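A note on names: the letters A, B, ... follow the listed sequences, proteins ahead of strands, and every chain is numbered from 1. Keep in mind that this is a model prediction, so the values were computed, not measured. Side chains included, hydrogens not; waters and symmetry mates left out as well; all remaining heavy atoms used.
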Protein chains: 4
Amino acid sequence: MDKKNKIIEASLELFGKKGYFETDIESIAKKAGVGKGTVYLYFKNKKDLFISTINYSLNNCNEEILNAVERMDTPSLKIEKYIDTFFKIMLENVSKIKFFTMNNVNLNNQIVDFSKNIDKKIVVKRFQILKDIIEEGIEKNLFKDFNSEIMTMMIVGLIHMEISRVMFFDIQIDQKRIKYLKENVIKILSKE
Amino acid sequence: MDKKNKIIEASLELFGKKGYFETDIESIAKKAGVGKGTVYLYFKNKKDLFISTINYSLNNCNEEILNAVERMDTPSLKIEKYIDTFFKIMLENVSKIKFFTMNNVNLNNQIVDFSKNIDKKIVVKRFQILKDIIEEGIEKNLFKDFNSEIMTMMIVGLIHMEISRVMFFDIQIDQKRIKYLKENVIKILSKE
Amino acid sequence: MDKKNKIIEASLELFGKKGYFETDIESIAKKAGVGKGTVYLYFKNKKDLFISTINYSLNNCNEEILNAVERMDTPSLKIEKYIDTFFKIMLENVSKIKFFTMNNVNLNNQIVDFSKNIDKKIVVKRFQILKDIIEEGIEKNLFKDFNSEIMTMMIVGLIHMEISRVMFFDIQIDQKRIKYLKENVIKILSKE
Amino acid sequence: MDKKNKIIEASLELFGKKGYFETDIESIAKKAGVGKGTVYLYFKNKKDLFISTINYSLNNCNEEILNAVERMDTPSLKIEKYIDTFFKIMLENVSKIKFFTMNNVNLNNQIVDFSKNIDKKIVVKRFQILKDIIEEGIEKNLFKDFNSEIMTMMIVGLIHMEISRVMFFDIQIDQKRIKYLKENVIKILSKE
DNA sequence: CATGAATGAGCGTTCATTCAT
DNA sequence: GATGAATGAACGCTCATTCAT
C-alpha cells in the first residue's frame, strides 16, 4: 500500500473514532507510519484530507452494498441485504459509522462547509441503489405503489435513527433487532 | 431576559451556525452582551454550556410541537402538523436545525461523549409524541396496522433525510415540497 | 472578633496552606464569613492583605516566643525554650510555618517586592531575642565567647534548615529530634 | 548552545528574578530566542520546566562548589572556600540565588508540591560536601568534636540567614562581611 | 457599611502548517 | 520525495477588582 493510502486508512480510523477537531495530524502520521510533513505532500491541508477520507469511505461502502445486493434475486431479499450490509459494515468497523451516512457528514456542524466538497454523486448513489430496488419491486407488482423516493428516504432514515438510538443510548445492535427491522420494512412495502 | 438566558440564546445561534469547536466563548459573550467571565458564572465550562443549550433547545421544540399537534382533531391532521411544525421551526430559525435532531447530536463525533449528558427523556418524548399519534390512528382504524415503533422511526428519519438533503445540496425548502412529503406519508399510513 | 480580624485569620490559614498566588480572595472571604467586597473595605488590595497578614503573624509569634522565654531562669533553658517554642508553634499550626521565618518571606521569589513593606523591626526583634540570651550566657560566663551575632544567625539558620528538611523530605518532627537539636546547640554554646 | 539549554538559561534568569507565578512562558521563549511552542517540545509543561531548571541550577552549583573545595588542602581552608564559593555564585548571578538553597524551594509555598520532584540526591549532596569537610577536621583533631550533622546545618543555615538579610534589607554583600563570617565560623569550629 | 454579580486582562497549552535538511 | 523541529495564532478558563444596590 502506498503512503497516500496508508494516510487515508489512518485518517479513517482516527477521524471516525475521535472526530475532526480532536484528531491531530501528528497522530495520523504516526499511525500511518509516515512523517508529519509527508501528509502535506499528498493533501493540501487537514480539511482536504478529511474530505478525501470521507469520499474514500463512502465509495468503499457503496461498492460493498452494491456487490451484496446484486447477488440477490428478489427485491425483498435485496432490501433485506441492503439493510444487512449497512449494519454489517457498521458492526465490522465502528469507526466507519461516523462517515457512513450523508446525514452525519451533513449535519455535523463543524464540517458543514466541508459538505460542499464531498462528491455528491457518491451520496446520491447510496440512495439510488435502494430506490432502484423499490421501483423494481413495484414494477413486478410485489410492493405497494408507494412513492419510491419517499420510501427510500424513510428506509435510509430508519437505519439512521436506529444507529442514532444505538449510539445515543449506548446499546448493542444484535441480529434479533436487525431481523425485526427488516421484517417490518418488508411488511410495510409488500402487497398482502 | 436575564443574563443566563441571553447566553443560552447566543449559544444556540453560534453553536448552531458554527458548531462546538469553532464557536468560542468570547463571541458567545459578545453576542449575549455580557463579559466573558459572566459565562462562567452560569455554566461550569464550555461543555456544560453546550449541553445546557441542547437541552434547552430540544425542550422548547418539543413543547412547540406538542402544542401544535394537540390542537388538531384527527391523527392524519396531527401527523401533518407534526411534520409542518418540525419544518416551520427549522425555517424560522436555521441555526436551531443543528440542535433539532437526536441524530446530529448523537452522530456528531466530537460530542459523542456529550450525548451521555443530554436528557434522554426529552429525546424520547420527541418520538413518543409521534408514536402516540400513529397508535391513535391505528386504533381508530384509520391507519394500516404497521408496527408503530418502526413507522415512527421512519417518519422522523424521513424528516432528517430531507433536512440533510436540503443542507447538503444547499437548496431551499418550499411549501410545495413539504406538502409533497406530508401527502405521501399520509398515503403510506392511511387505509384505502 | 471584628470582620478585619476574621479576614486576617482566614488569610493566615489560606496563604499559609496554599501560598499567595494559589489563594484567591473569594475563598478568604468565604472562610472569614464575609462578602468578597468587604475584604476591599479593609485592605487596599490582595498584596496589602498579604503584607498585613505576615506582619500580624510575625508579631504574634514574636510575642509568644518572648513570653515563653522570659519565664525561664538560665540562658541555657531560655535557648531551649526558644527552640521549643519555635517548633511548638509550627506543630500547632502548620499553616503558620510559611510565615514564620524571615527567610521564606524573603526568598520567596514571588513576594520579594512585598518584603520591602514588611515591618523590619518585627523581624529584627526575632533575632534580637535570641542574641540577648546568648550575650547573657556569655556575660555570665556560661557560654563560650563566640560572636553572638553569628551564633544567633546559626541557631536560627539551624531551625530553618530543620524545617526545610522536614518539609522537603516530607517527614514528621518528633520530640526526640527536637531534644537532639537542643542538646547539641547547648553543647556547642556551653563552656565545658 | 542548543535550544533546550537556551530555554533553561532563560528560565533560570526569569524564574529567579520574578518567581514561578509571575514568569510567563512567552517571556521565557522570547528571552531564549525561540518560539513559544518550542518550549513545549522540550518540556511537558511549565512545572516540568521549573523543576528541570531548579535541578540544573542545583547541579551546576554543587559541581562548582565541589571543584573549588577539592583544590584546598586543610579543612579550614575548605570551609572558607565553601562559604566563599557559595557567595561568589550568588554575587555573580543574583538570579541564581533564588534557586540556590533547598530552603527557598522548600518553603516557597507555591511550589511545595514541586519539591517532591526535585532530585533529593542533589540537595543531600550540598550538605554532604560540607559534612565531610567537618568530619575530616574532627578526625584530624583540628576541629572541636561537635556533632557534624548539626554543625553542617548551622553553617548552611548561617549562609541562608545572611542571604536573607541581604535581600530583605536590600543591602550589598561585600568581601569584608564575608571575611567576617568565615573567620567566626572557623573560630567556632577550631580547637584553640 | 456590606455585598456579590459582573468584568476582562492575562496566561498555559495545543496544533495546523512551514521549511531547512 | 520525506522528514520533524520550529512556530505562533488561537482559545478556555481564572480571579483581582469594581460598583450598583
- Residue-phosphate contact under 4.0 Å: B/Y42 side-chain N/O, E/dA5 OP1/OP2: no
- Query: Just checking D/K36: base, sugar-phosphate only, or nothing, at a heavy-atom cut-off of under 4.0 Å?
  - Reply: base
- Message: With nearest nucleotide decided by heavy atoms, which residue, B/N45 or A/G33, maps closer to the 5′ end of DNA chain F?
- Response: A/G33
- Just call it for D/S27: base, sugar-phosphate, or nothing, with non-hydrogen atoms closer than 4.0 Å on any strand. nothing
- Item | Where B/L12 and B/Y56 come nearest, the two heavy atoms and their spacing | CD2-CE2, 4.3 Å
- Task: Would you indicate what C/F43 reaches in the nucleic acid, counting non-hydrogen atoms under 4.0 angstrom: base, sugar-phosphate, or nothing?
- Result: nothing
- What integer distance in Å separates C/K44:NZ from F/dT17:C1'? 13 Å
- Query: Atom NZ of B/K3 to atom P of E/dG4: distance rounded to whole Å?
  - Reply: 18 Å
- Side-chain donor or acceptor of C/S27 paired with backbone N/O of C/D24 under 3.5 Å: yes
- Query: Is it true that a side-chain atom of C/N59 and a backbone atom of C/I122 form a donor plus acceptor pair closer than 3.5 Å?
  - Reply: no
- Item | D/K4 NZ to F/dA5 P, straight-line distance once rounded to whole Å | 13 Å
- Query: Mapping A/L41 and C/G37 to their closest nucleotides on DNA chain F, which lands nearer the 5' end?
  - Reply: A/L41
- Note on the structure: Heavy-atom nearest nucleotide on DNA chain E taken for D/T23 and for C/T38; more 5' hit belongs to C/T38
- Looking at F/dA2, E/dT13, E/dA16, which one has an atom nearest to any side-chain atom of A/K46? E/dA16
- Task: Report the nucleotide, chosen from F/dA6, F/dT3, F/dT14, that has the shortest atom-to-atom distance to any side-chain atom of B/Y40.
- Result: F/dT14
- Query: Could you state the CG-C1' distance from B/L49 to F/dG12, rounded to the nearest angstrom?
  - Reply: 12 Å
- Task: Mind checking B/I25 for me? I need base, sugar-phosphate or nothing, with any heavy atom below 4.0 Å counting as a touch.
- Result: sugar-phosphate
- Note on the structure: dist D/I28:CD1 -> D/T53:OG1 (nearest 0.5 Å) comes out at 7.0 Å
- Write down the partner of E/dT3 under the Watson-Crick or G-U wobble criteria, each distance required to be under 3.5 Å. F/dA20
- Take atom CG of A/D48 and atom P of E/dT17, then tell me their distance rounded to the nearest Å. 10 Å
- Query: CD of D/E26 versus C1' of E/dG10: gap in Å, rounded?
  - Reply: 11 Å
- Task: Find the distance B/I7:CD1 to F/dC13:P and express it as a whole number of Å.
- Result: 14 Å
- Query: Taking atom P of F/dG4 as reference, at what distance in whole Å does atom CG of A/D24 sit?
  - Reply: 15 Å
- Note on the structure: Scanning both residues in full, the closest heavy-atom pair of A/T23 with A/K46 reads O-NZ, 2.9 Å
- Task: Can you tell me, in whole Å, how much space there is between the C1' of E/dC1 and that of F/dT21?
- Result: 13 Å
- Any donor-acceptor pair under 3.5 Å from B/K31 side chain to B/I7 backbone: no
- For B/V39, which contact category applies under a 4.0 Å heavy-atom criterion: base, sugar-phosphate, or nothing? nothing
- Using purine N1 to pyrimidine N3 plus N6-O4 or O6-N4 for Watson-Crick, or N1-O2 and O6-N3 for G-U wobble, both under 3.5 Å, which nucleotide pairs with E/dG8? F/dC15
